[in-house]
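Chain A is the first sequence line, chain B the second, and so forth, proteins listed ahead of strands; every chain is numbered from 1.
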Number of protein chains: 2
Amino acid sequence: MLGSLDTRISSLAKSEAEDARLELPVTNPETERKNITRAPCATCSAHNEAICSAINDCDMDDFARNVRTRLVKPGQSVYREFEEAKFVFSVVSGEIRLANLLDDGRRQVTAFKTAGEVIGAQQNGYYQSDAEAVCDTVVCQIPVKALETYLKKMPAMQTALTEKVLEELQELRHLAILLGRKTPVEKIATFLIDRAEKSGSETENEIKVSLTMGRNDIADFLGLTIETVSRTITKLKKMGVLEVPSNHSILIKDRVWLENLAEGEK
Amino acid sequence: MLGSLDTRISSLAKSEAEDARLELPVTNPETERKNITRAPCATCSAHNEAICSAINDCDMDDFARNVRTRLVKPGQSVYREFEEAKFVFSVVSGEIRLANLLDDGRRQVTAFKTAGEVIGAQQNGYYQSDAEAVCDTVVCQIPVKALETYLKKMPAMQTALTEKVLEELQELRHLAILLGRKTPVEKIATFLIDRAEKSGSETENEIKVSLTMGRNDIADFLGLTIETVSRTITKLKKMGVLEVPSNHSILIKDRVWLENLAEGEK
DNA sequence: CGGCTATTTGAGAGAAATCAAGGATAGTGG
DNA sequence: CCACTATCCTTGATTTCTCTCAAATAGCCG
């Protein structure tokens, strides 16, 4: 509901975000072991896409004082399902996977979140998923209490956050269609197209998509087994739709074809 | 994010809501054909669970003036995907299914919404799903413009709405786990348990669950075919977990067993 | 009662999961 | 810099489910 902020700013500033990993904020000895530092909001590479973009310069200093930046290593968790939700996080760089587990270990990844996206949605005070880093990732840690204060004070931030939540709703709806009604080929094609749109780098006649996550994560995201993911990628490769230069990148050779495959047009 | 309103008020007042169908607001000739009438907020059966509960008595009259009530017949749509989103709706009674279609007609139902729930989430001004009545349903039609005004004026309403949206997020996450990782038996069991919790009527040693929707809707919600839904229900019947007095109701004979089946414990 | 639609049931095919190796890749330490 | 190991990915063979196709039955409304 509410105003319809144009959200298509998200494809910008992605390459800057990549670099952010290298120029991490200086750590101080006290917090070194936890890789937590004072937030360098002033120079944040994700600023323009994050909800913080709604903060005006005067309030920024105050905001920065309440916020911490945290480096998360691959596989490490930011928070877990059912844990008390004291923070909301904004992804600065890298990539986070949100996942839910069944008792017997089956897993469903519900989203991959990159720079500018917000994680930590809660209900009744508890997180609703596990959040883990897929690769080296920097997140910005905002205390819920502080956030609430800012949201009240800054309607633009409230709007921006609402917009993020509605985006998330839409993505989950798309995921539901994919999981419930698409074939493996359609699933993989959809996944690659979505990633290409989000962060692909397009050259003359091909698009390079980088996969920070492994086949396992892809399988648990698409509701498939790792073998089916592998076989399906191989199939698309043999068809000539794409190439696989390495385990962590895909070259889309025929975007239109892949898009058609994603929608089920044979 | 934000405050954690306790949302477990939703199991109350359901029986009242059922009656609402019978005592529909009086229609006036002018709007008769469209089944749209002035909203009878003062006597609304869904008031306590709806976001309108955040409105104080003074503002209620004003609110009622902006809002219309609409009767929707089974199969009729409230809105369609990609349609311009001029209204947000609050379900007063009956049941609405939200669904998304693929080009070739495959369908994924993403939610069933009952009294007190809000539908009409939009992004960039357009609805994200089709919304259709499953049975005779009354919805309350709130112009987005008016709603925005109220949200600004009444923080409690903003909070209530945010809470609804977060609930929806959680439900979609659960749906994703179900679609991606559960077996047909687990899917049906989960579906029935959820419905029992939401609106089941419990007697001594059994719970009656009413199914307003047909097998087709259930299939499209759970990512199955209608045949598999039918076979799975038959299987559970033969196991003795439940009985099927009619096509539109299920008697859960062993709740704990069904709960275990829902979680995959054999 | 008759016709329509919804649901159940059956038989068979097809597709993805499972089980089982084999190969590639990356990270470690010599 | 290279060998070594652990992990990740691919490929193959087989099994098991679920879908598909087809038909019968049951429920509902006029």
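Using a 4.0 Å cut-off between charged side-chain N and carboxylate O, Arg173(A) and Glu81(B) make no salt bridge. Between Glu227(B) and Arg215(B), no side-chain nitrogen of the basic residue sits less than 4.0 Å from a carboxylate oxygen of the acidic one, so the salt-bridge criterion is not met. Salt bridge absent: Lys198(A) and Glu171(A) never bring a charged side-chain N and a carboxylate O closer than 4.0 Å.
Considering only the side chain of Asn247(A), dC9(D) comes nearest among dT18(D), dC9(D), dT9(C).
Summarising the geometry, the separation between CG on Leu224(A) and C1' on dA15(C) is reported as 12 Å, rounded to the nearest angstrom. For the pair Ile226(A) CD1 and dA24(C) C1', the computed distance is 13 Å after rounding to whole Å. Lys235(B) has its NZ atom 16 Å from the C1' atom of dG10(C), to the nearest Å. In this entry the distance linking NZ of Lys182(B) with P of dA17(C) reads 18 Å, nearest Å. Between the C1' atom of dT18(D) and the CG atom of Asp220(B) lies a distance of 15 Å, rounded to the nearest Å. Rounded to an integer number of Å, the gap from CZ of Arg215(B) to P of dT25(D) is 19 Å. Here dA26(D) presents its C1' atom at 12 Å from NE2 of His248(B), a figure rounded to the nearest Å. Note: CZ (Arg106(A)) to P (dA17(C)) measures 13 Å, nearest angstrom.
Nearer the 5' end of DNA chain C, as judged by each residue's closest nucleotide, is the contact made by Glu227(B), out of Glu227(B) and Val229(A). If you find the closest nucleotide of DNA chain D to Met213(A) and to Arg181(A), the one lying nearer the 5' end belongs to Met213(A).
Proximity of Thr228(B) to the phosphate of dT18(D): no side-chain N or O atom is located under 4.0 Å from OP1 or OP2. The side chain of Thr225(B) contributes an N or O atom lying less than 4.0 Å from OP1 or OP2 of dC19(D).
Nearest approach of Val92(B) to Ala115(B), heavy atoms of both residues: O-CB, 3.3 Å.
For a distance-only test at 3.5 Å, the side chain of Arg231(A) qualifies as a donor-acceptor partner of the base of dT18(C).
Residue Thr234(A) is classed as a sugar-phosphate contact, given heavy-atom separations below 4.0 Å to backbone atoms only. Across all strands, Ile233(B) comes closer than 4.0 Å to no nucleic acid atom at all (heavy-atom distances).
The only option from Val109(A), Thr110(A), Asp130(A) that meets the side-chain contact (heavy atoms from CB on, under 4.5 Å) definition with Leu98(A) turns out to be Thr110(A).
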